[in-house]
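For this chain, numbers begin at 1 and follow the sequence in order.
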Amino acid sequence: MRRLGKTRRTVRTARGSGRVAAAVCGAAALALLTALPAQAHTPGPAAPHWDLKDTGTTAVRFRGLAAVDRHTAWVSGTEGTVLRTTDGGESWRNVSPPGAADLQFRDIEAFDARRAVVLAIGEGEASRVYRTEDGGTTWTESFRNTDAHAFYDCLTFFDRRHGLAMSDPVDGKFRILSTADGGRSWKVLPNDGMPAALDGEAGFAASGQCLVASGTKDVWLATGGAARARVLHSSDRGLTWTAADTPIPAGDPARGVFAVAFRDRTHGLAVGGDYRADQPSPRAAAATGDAGRTWRPAAAPPPAYRSGVAWLPHSRSAALAVGPTGTDLTTDAGRTWRTLDTGSYDTVDCTPDLGCWAAGEQGRVARLES
């Protein structure tokens, strides 16, 4: 989306028994997290908390995050920056594509420590996709947008081969880009099955979570900027879509659904609001239990705009939402939220081995610790 300029987002594989110790630590942290009393707005010494990692920069804003496991994560952001860690954030390697300093990388999807796909946003040729197969040592540009009317916001993968990227509406409909070879090549899908966009409707390139997949065929697209904030759903990898209104406020270019997350093909969460710091964001969260056909507002939503959301691993009811003013937790599948931390983050991602990561402005990246 031009105004604000990430299965779930990261394709993950099974981990070996060498990760057991880390998983036990993560399990303890998440167990404590979900057991926190409702009044616990600030974690105490023994409570789980975001452990900030030194990324070596304070100049970059990281809106793209791909957590592979508790040890390995990729982040992408302004100034064409891509960083990668394989030691839990103790050290970071700058693996930015050469010649990309003028680009803004808003979404990144990682298959493992060596293979990743990153999306640059912007009008016309500023929207690009790069792919690496050697941990970022080399990159291949696999897509460059040549339509001046297109503006790509997010991408997602169903598995290691099949993925989609989405653009703001072109000729009155959202445009969907598809890959069947892990991001090596892309093609624009026909728009016959895409409903018409509302006047002013677009996606928010705020956290890489305006397009997310769950399972092998289901994918959801979050929108804002129009009279109604909607979530579109496809059950056939982007060929046909249905649209549903959400209770998250819209009616302004700065308002709408900024991120969605699904723990399976039916249960999902949506967060958003108004990204302007001086504007309130009532009803900033909603939930669905029917694959996005209907959405119910949170009874106790986050207190402010939130741009990222992720389910806690192996939980049917717990999730985290993040934004510039803090992190919130739900333990009842999105009905109520409570604030855990007031640090600024734009995006969040959790992994099957019980690792949760967050990233945001001023080079901030953190991992959940107990």
Side-chain angles (χ1 to χ4, degrees), residues 8 25-52 65 67 206-207 209 222 229 246-249 255 257-263 267-275 277 279-289 295-351 354-361 364 366-370:
R8 249 248 60 184
C25 177
L30 296 182
L32 282 171
L33 184 65
T34 56
L36 286 175
Q39 67 270 24
H41 293 286
T42 303
H49 60 281
W50 288 122
D51 181 26
L52 277 170
L65 167 64
S207 61
Q209 295 179 311
T246 75
I248 293 178
R255 298 177 190 154
V257 179
F258 282 72
V260 290
F262 279 76
R263 65 171 173 83
H267 298 88
L269 302 169
V271 299
D274 190 318
Y275 70 75
Q279 296 296 314
S281 290
R283 306 193 307 280
T288 180
W295 293 84
R296 63 181 184 276
Y305 154 70
R306 294 294 180 254
S307 56
V309 62
W311 290 91
L312 295 185
H314 313 299
S315 173
R316 297 176 59 85
S317 59
L320 295 170
V322 299
T325 63
T327 298
D328 303 293
L329 168 73
T330 179
T331 56
D332 53 17
R335 286 186 288 275
T336 61
W337 296 82
R338 63 182 187 268
T339 301
L340 297 176
D341 181 89
T342 57
S344 176
Y345 298 102
D346 293 310
T347 187
V348 60
D349 196 12
C350 295
T351 62
L354 305 173
C356 286
W357 296 77
E361 63 182 343
R364 288 167 59 89
R367 192 179 69 177
L368 191 69
E369 305 289 353
S370 59

Under the side-chain contact (heavy atoms from CB on, under 4.5 Å) rule, collect the residues that match up with [X], sequence neighbours excluded.
{"X": "P303", "result": "R306, D328, T339"}
{"X": "T288", "result": "F262, D290, W295"}
{"X": "R283", "result": "P249"}

May I ask you to test the R367-L52 pair for a side-chain heavy-atom distance under 4.5 Å?
no
Is there a side-chain contact between P48 and C356 (heavy atoms, below 4.5 Å)?
no
Quick check: closest heavy atoms across [X] and [Y], and the distance to 0.1 Å?
{"X": "V260", "Y": "A270", "value": "CG1-CB, 3.9 Å"}
{"X": "A67", "Y": "W357", "value": "CB-CD1, 3.5 Å"}
{"X": "G272", "Y": "F258", "value": "CA-CD1, 3.7 Å"}
{"X": "A298", "Y": "G334", "value": "CB-O, 3.3 Å"}
{"X": "G308", "Y": "V348", "value": "C-CG1, 3.9 Å"}
{"X": "W337", "Y": "A319", "value": "CZ3-O, 3.7 Å"}

What pairs with D332 under salt bridge (Lys or Arg N to Asp or Glu O under 4.0 Å), at least two apart in sequence or on another chain?
none
Pairing residues for R263 by the salt bridge (Lys or Arg N to Asp or Glu O under 4.0 Å) criterion, not counting sequence neighbours
none
Would the distance check show the side chain of [X] and the main-chain N or O of [Y] forming a donor-acceptor pair, the cut-off being under 3.5 Å?
{"X": "S281", "Y": "A284", "value": "no"}
{"X": "T330", "Y": "T336", "value": "yes"}
{"X": "T347", "Y": "S207", "value": "yes"}
{"X": "T246", "Y": "A229", "value": "yes"}

Nearest 0.5 Å, please: how far is [atom2] in [Y] from [atom1] in [X]?
{"X": "S307", "Y": "D346", "atom1": "OG", "atom2": "CG", "result": "4.5 Å"}
{"X": "L329", "Y": "L340", "atom1": "CG", "atom2": "CG", "result": "5.0 Å"}
{"X": "W311", "Y": "L269", "atom1": "CH2", "atom2": "CG", "result": "4.0 Å"}
{"X": "S344", "Y": "R364", "atom1": "OG", "atom2": "CZ", "result": "6.0 Å"}
{"X": "H49", "Y": "D51", "atom1": "NE2", "atom2": "CG", "result": "5.0 Å"}
{"X": "L368", "Y": "L312", "atom1": "CG", "atom2": "CG", "result": "8.0 Å"}

Set of ring-ring contact (aromatic ring centres under 6.0 Å, His included) partners for W50, sequence neighbours left out:
Y345
Could you tell me whether R255 and D274 have a side-chain N and a carboxylate O separated by less than 4.0 Å?
yes
